[in-house]
Structures are given as C-alpha cells and as structure tokens.
Amino acid sequence: MCEFKKFYMLTLDDNSSAFQIRAFKPGTIQINEETYHQSIILSPNQMIDNWQPQHISELKAEHLSIILTLKPAILLIGTGSVLQFPNIEIYGDLINHGIGVEIMDTSAACRTFNALTSENRNVVAALIIK
C-alpha cells in the first residue's frame with residue numbers, strides 16, 4: 001500500500017506593521033499588548049487614541065480630517081458593533097482626494113486592517129469601538 005504524505009509550505013509573516021489588532025469586543029480593543037476603551041485611528045505605524053467620536057451618530061467630517069495627513073490608499077471606518085452607513089458628506093472629501101473608503105462594523109474592520117497590513121498595504125482604520 002502506498003501512503004501519501006501532505007506537506008504544507010509555510011511562509012514567514014513579514015508584516016512590518018508596528019501595530020496589530022489582537023482582540024476586539026464592543027467597548028474594548030487590544031492593540032499589541034495594550035487595551036483601549038475609546039475609539040482610535042490606527043495605521044501600520046501610527047495610532048491616535050481617544051479619538052472622537054465614541055458612537056457612529058457622533059461622526060463628523062472634522063473627525064476624519066486627520067486622515068488626509070496620514071495619506072492612506074484605503075480608509076476603513078468601523079461603525080461599532082452594528083454596520084451603519086454615515087452620510088457621504090462626512091467622508092466624501094476623502095474620496096475626492098483619492099482615498100478608498102470602506103464602511104463596515106468594527107469587528108470586520110479589525111480583521112480587514114490586520115489582513116491588509118499583513119500585505120503591507122497603505123491602510124488606516126478609524127475604529128469606533130462602542
């Protein structure tokens with residue numbers, strides 16, 4: 001009898017991001033080894049904690065103005081535990097500057113952020129965690 005063995009090639013994760021999302025549940029997010037209870041903006045190499053707003057209904061265009069200085073290719077907006085689409089007027093200026101904007105619940109935004117940073121993509125996540 002001939003026995004076949006399966007071999008799986010493993011590759012080293014060369015994610016150069018300084019920040020990785022380790023865990024998320026509504027009201028709490030863990031970045032690397034630190035836990036946060038406020039909304040944040042996160043890029044692969046920069047974090048802005050205590051970001052306002054704390055709920056998607058509080059989101060205003062001025063809350064996203066910092067995104068232009070970070071110059072991402074993609075912005076992920078995590079809207080909290082439930083997907084809610086903000087008015088396009090709130091993020092339309094970012095689109096006009098060539099930034100792709102994706103709206104999703106914060107859990108999905110966390111997973112997507114980690115996936116995109118593992119591909120060394122130029123991504124920023126604006127995460128409402130409540």
Nearest 0.5 Å, what's the [atom1]-[atom2] distance between [X] and [Y]?
X   : Y   : atom1 : atom2 : result
T79 : L59 : OG1   : CG    : 10.0 Å
I56 : L83 : CD1   : CG    : 9.5 Å
K71 : I99 : NZ    : CD1   : 10.0 Å
Q52 : H63 : CD    : NE2   : 6.0 Å

Pairing residues for [X] by the side-chain contact (heavy atoms from CB on, under 4.5 Å) criterion, not counting sequence neighbours:
X    : result
P26  : F24, S81
N45  : A18
A126 : I41, W51, L64, L75

side-chain hydrogen bond (donor to acceptor under 3.5 Å, both in side chains) pairs, two or more places apart, involving residues 26-42
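Applying side-chain hydrogen bond (donor to acceptor under 3.5 Å, both in side chains) to every pair that reaches into residues 26-42, excluding sequence neighbours, yields T28-H37, Q38-Q54.
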
Tell me the side-chain hydrogen bond (donor to acceptor under 3.5 Å, both in side chains) pairs involving residues 96-112, sequence neighbours left out?
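side-chain hydrogen bond (donor to acceptor under 3.5 Å, both in side chains) check on residues 96-112 returns S107-R111.
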
Below 3.5 Å, can you tabulate the donor-acceptor pairs from side chains in residues 85-95 to any protein atom, sequence neighbours excluded?
none

Out of V124, I21, D49, which residue meets the side chain to side chain contact (heavy atoms under 4.5 Å, CB included) rule with L42?
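Output: one option passes, namely I21.
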
Heavy-atom side-chain contact between L76 and V123 under 4.5 Å:
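The answer is yes, as the side chains (C-beta and beyond) meet within the 4.5 Å cut-off.
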
Do V101 and I77 have side-chain heavy atoms sitting under 4.5 Å apart?
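SC-SC contact between V101 and I77 confirmed.
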
Are more than 12 heavy atoms from other residues, nucleotides or ligands located less than 6.0 Å from atom CZ of R121?
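Not more than 12 within 6.0 Å, no.
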
